[in-house]
Amino acid sequence: MSGLADLPPLREVIARHGLSASKSLGQNFLLDGQLLDRIARVAGNLEAQRVYEVGPGPGGLTRALLRAGATVTAVERDRRCLPALAELTEASGNRLRVIEGDALEIDEQSEAGDGAHIVANLPYNVGTVLLVRWLESEAWPPWWASLSLMFQKEVAERIVAKPGTDAYGRLAVLAQWRAEASIALNVHRSAFVPPPKVMSAVVHLVPKAMPGGVDPAKLSALTGAAFGQRRKMLRQSLKSMAGALDALSTLGIAAERRPETLSVEEFVAVARALS
Ligand SMILES: C[S@@+](CC[C@H](N)C(=O)[O-])C[C@H]1O[C@@H](n2cnc3c(N)ncnc32)[C@H](O)[C@@H]1O
């Protein structure tokens, strides 16, 4: 039986299985083994850890995760990729289990198991929907141990943005409320086949230990209303949200401020008062 070291180069696998990249599935593949190892290391030491990978495609990142010693559950929508992934399952001595399906539909917690590290290189629209779902988990700490996710650079910058910047908005407040969020790695567009139009970056998020008492839906509604009219003062943008202006006044937050001047902690304090 062949092992991971004996696998043919990814380019060969892609050609043999006819895996031309599909635009509608947001497919841009990474083929450079060293870069893929660096991306896998963003998740930390994966020796004997469980990983949930979304969108393995032909399996470049999956190979790196397996090389790092992880046991991987992967969900892939494109059935054309399954034969190439089956070869990886065999070469890894069954440390890879592949589920054919849509990551937005499956019961990921029971498939991946509590404590799994989530790693994904996804089309950015699917990635942001999943990120918000993982961050808005009712149970906290959540079922996952960490998130290492590739985004287009502009989205990555919105996740880690600080108050007072143009990139600061709902995504920054939600992400930094519940996690330590950082850009771990920039990835040049030329690393992908085919190259996308924009640069990418891997964001690393680790859940924060935190007290409860804040309803994620309230924080989402609050930041949605405030940043939905980001040029307006809070007095205007929050006027139709029951209790919001009273909460601002109780907390000593001036209603004349604009949303990008509020810290994550101030948004969370208002959401707590509304929860
Ligand atoms: C950008 S490619 C990355 C492939 C591979 N991980 C790599 O780094 O080379 C995104 C992958 O996600 C898959 N994908 C897209 N939407 C998906 C979804 N909703 N559920 C599961 N997989 C999806 C695509 O088929 C594709 O294989």
Side-chain angles (χ1 to χ4, degrees), residues 7-15 17-43 46 51-68 70 72-89 92 96-109 111-112 116-134 147-156 184-203:
L7 285 166
L10 277 163
R11 262 184 210 286
E12 203 179 304
V13 171
I14 288 170
H17 293 285
L19 300 177
S20 54
S22 145
K23 222 176 181 181
S24 64
L25 283 170
Q27 291 180 336
N28 303 91
F29 301 136
L30 288 167
L31 307 182
D32 174 345
Q34 284 184 4
L35 173 64
L36 288 160
D37 285 336
R38 282 171 65 207
I39 296 172
R41 277 200 295 275
V42 169
L46 292 179
V51 168
Y52 175 56
E53 187 192 1
V54 190
L61 186 51
T62 322
R63 288 184 183 199
L65 297 166
L66 293 167
R67 278 196 292 272
V72 180
T73 301
V75 56
E76 173 55 60
R77 209 177 161 175
D78 183 357
R79 58 167 45 211
R80 294 179 310 151
C81 297
L82 302 184
L85 294 168
E87 290 170 8
L88 276 188
T89 300
S92 65
L96 169 65
R97 183 169 71 94
V98 180
I99 302 161
E100 181 196 347
D102 183 341
L104 297 168
E105 307 284 332
I106 76 164
D107 180 354
E108 49 197 5
Q109 180 174 2
E111 294 290 358
H117 297 269
I118 301 180
V119 176
N121 172 18
L122 277 171
Y124 93 102
N125 52 340
V126 181
T128 41
V129 170
L130 287 172
L131 172 64
V132 169
R133 179 195 295 177
W134 291 326
L147 307 175
S148 303
L149 311 173
M150 179 87 73
F151 285 105
Q152 57 184 77
K153 194 155 192 280
E154 174 260 325
V155 176
L185 199 63
N186 289 308
V187 182
H188 198 275
R189 50 189 287 280
S190 62
F192 296 87
V193 179
K197 289 199 177 70
V198 293
M199 301 296 205
S200 297
V202 181
V203 181

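Computed from a prediction, not measured in an experiment: that's the story for all the values here. Remember, it's 1-based here, ligands and their atoms both numbered in the order they're listed. Along the sequence shown, residues are numbered consecutively beginning with 1.
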> Could you go step by step and tell me if T62 and E53 meet the side chain to side chain donor-acceptor pair (under 3.5 Å) rule?
Replying inline: CA-CA 7 Å; T62 322; E53 187 192 1; 2.6 Å; yes
Backbone N or O of [Y] within a donor-acceptor pair of the [X] side chain at under 3.5 Å?
| X | Y | value |
| --- | --- | --- |
| Q27 | A21 | no |
| R97 | E111 | yes |
| H188 | S190 | yes |

Taken in chain and number order and not counting sequence neighbours, the residues that satisfy salt bridge (Lys or Arg N to Asp or Glu O under 4.0 Å) with D32 are none
Distance filter under 4.0 Å, heavy atoms only, around ligand 1 gives L25, G26, Q27, N28, F29, L30, E53, G55, P56, G57, V75, E76, R77, D78, G101, D102, A103, N121, L122, P123, V126
Nearest heavy-atom approach of N28 to P194 is ND2-O, 2.8 Å
